[in-house]
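Note that ligands are numbered from 1 as they come in the structure, with each ligand's atoms numbered from 1 the same way.
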Amino acid sequence: MVESENVAAHEVIGTSRRDFLRRTGGAVAAVTALGTSAAQEKPNAANEVQLSQIHASSEAPEKAPGPFLPANKRVGFAIVGLGRLSINQILPAFAKSESCKPVALVSGDRAKALKLAAQYGIADSNITDYAGFEKLKEMPGVDVIFIVLPNGMHREFVVRSAKMGKHILCEKPMANSVAECEEMIAACKAANVKLMIAYRQQYEPINRTLEKAVREGKIGTLRSIVASNSQDQGDPTQWRLNKKLAGGGAMPDVGIYCLNAARFLSGMEPVEVFATIVQPKDDPRFREVEARCEVIARFPNDVTATFTTAYDTHRSTFLRLEGSDGFAEMDPAFGYHGAKLRFVKLMDGKDTEMAPSIEEEDQFALEMDHMASCVTNNQQPHTAGEEGLQDQRIIEAIYRSAATGRSVKVVPPAGSTRGPALPPVER
Ligand code: NAD
């Protein structure tokens, strides 16, 4: 029996964007200025446009986006690297953000940067190339530098940003090695700037609802996690297949979603990994990096995570958490859009499927708004550098295991790798 949108399903459902941002402390600058009880309850309350509800109370209320901060109060972002992610996801996401605005662009291709600057209202004088990166220091309005470059360039540009005293949002994977991650964290600490790794899933309400449901025992005791994040890479000349620029193949690029999800959804850290990689000799794409990686990770309390990631299969993404009393599944799981969540549990003696309806949110707008709220409130980001460092430690253990054919122990972090918990997802 499918119970979409029924009462049982609503046990585990999520939230609206406004509620979510209120709980994440998003866009608080205006709230501080307002000082009213309404403003304390809802950031940007003064900017809210109220419309009457025309539906009966038996219908779900219509939801509006925002309220948004005015442009002159928004946190300014410089986008570094104008590739697919910046152009197709990040720049468009500013229209959905409540508290951020794009103010500067860094690119080796000035003609491309000028076109994008015109589209997003960025001054031509706020465009620079990589050699002139340090010009960001004096550019008006740059609060946060968002590094969206190939993985092998993250370390250099994070360290250069920290030296300018700018806060940094850095794409995943954080870097190519544990040593690089440690250097980045140290540089940001020394400069007293915030460093956040762009783990968009951790800010997204469907994932957050799943995390809460598992934490509250909705599937009983968590026993195992099974996941895949795979796709077919084309162009053999792209940087993702170059070890120096990518750090590895499918594992650090797309496998990291399975690994990070296993960690934040279980709330536990793996203590041992066993892995095998496939690097077909006859495929020119995989001269330097693996095509596929299969991992078994052991967590405390006999919880296991098994995942596969590939660069040579058709797109396949799913995640299943198996518990003593039921399972939760996202299929598809890791994309920008369209994640679907369902739970299967015994109800009245029958296996019953519950598919909560959770409003989709722009994951990039959510993560940028979180970064903005950390800057405004002087808080540690939820996915700070330590979160990226721990994934990198585990990835290095995964490669060691694949190279030796033996399982490899992973030293768990001394404490939580995440900053202050995000306020809970409301029903
Ligand atoms: P891309 O190849 O589309 O863009 C990379 C940009 O870097 C290009 O504009 C390119 O010109 C520039 N660049 C500068 N120096 C370069 C060099 N030496 N070699 C190659 N390119 C160079 O890549 P992308 O998909 O935008 O990925 C960028 C980063 O974002 C990566 O770290 C990637 O892992 C991450 N990413 C994250 C997500 C996510 O969902 N969070 C999705 C895709 C990519």
Collect the protein residues that have a non-hydrogen atom under 4.0 Å from ligand 1 and hand them over in chain and number order. Leu82, Gly83, Arg84, Leu85, Lys112, Tyr130, Val148, Leu149, Pro150, Asn151, Met153, His154, Glu171, Lys172, Pro173, Arg200, Trp239, Arg240, Leu245, Asp253, Tyr257, Tyr336, Phe364
Any ion pair linking Lys212 and Glu216 (charged N to carboxylate O, less than 4.0 Å)? yes
Check the pair Gln201 / Gln363 against side chain to side chain donor-acceptor pair (under 3.5 Å), numbers first and verdict last. CA-CA 7 Å; Gln201 283 168 273; Gln363 303 176 39; over 6 Å; no
When you check the side-chain N and O atoms of Asn229 and Thr317, is any donor under 3.5 Å from an acceptor? no
Taking only residues two or more places apart in sequence, or in another chain, which ones meet Glu182 in a side-chain hydrogen bond (donor to acceptor under 3.5 Å, both in side chains)? none
With sequence neighbours left out, what residues match Ala175 under side chain to side chain contact (heavy atoms under 4.5 Å, CB included)? Glu180, Cys181, Met184
May I have the list of side-chain donor-acceptor pairs in residues 156-174 shorter than 3.5 Å, sequence neighbours left out?
residue : atom : partner : partner atom : Å
Glu156  : OE2  : Arg160  : NH1          : 2.6
Arg160  : NE   : Glu134  : OE2          : 2.9
Arg160  : NH2  : Tyr130  : O            : 3.1
Arg160  : NH2  : Glu134  : OE1          : 2.9
Ser161  : OG   : Phe157  : O            : 2.6
Lys166  : NZ   : Val142  : O            : 2.7
His167  : ND1  : Lys194  : N            : 3.0
Lys172  : NZ   : Asp253  : O            : 2.9
Lys172  : NZ   : Asp253  : OD1          : 3.2

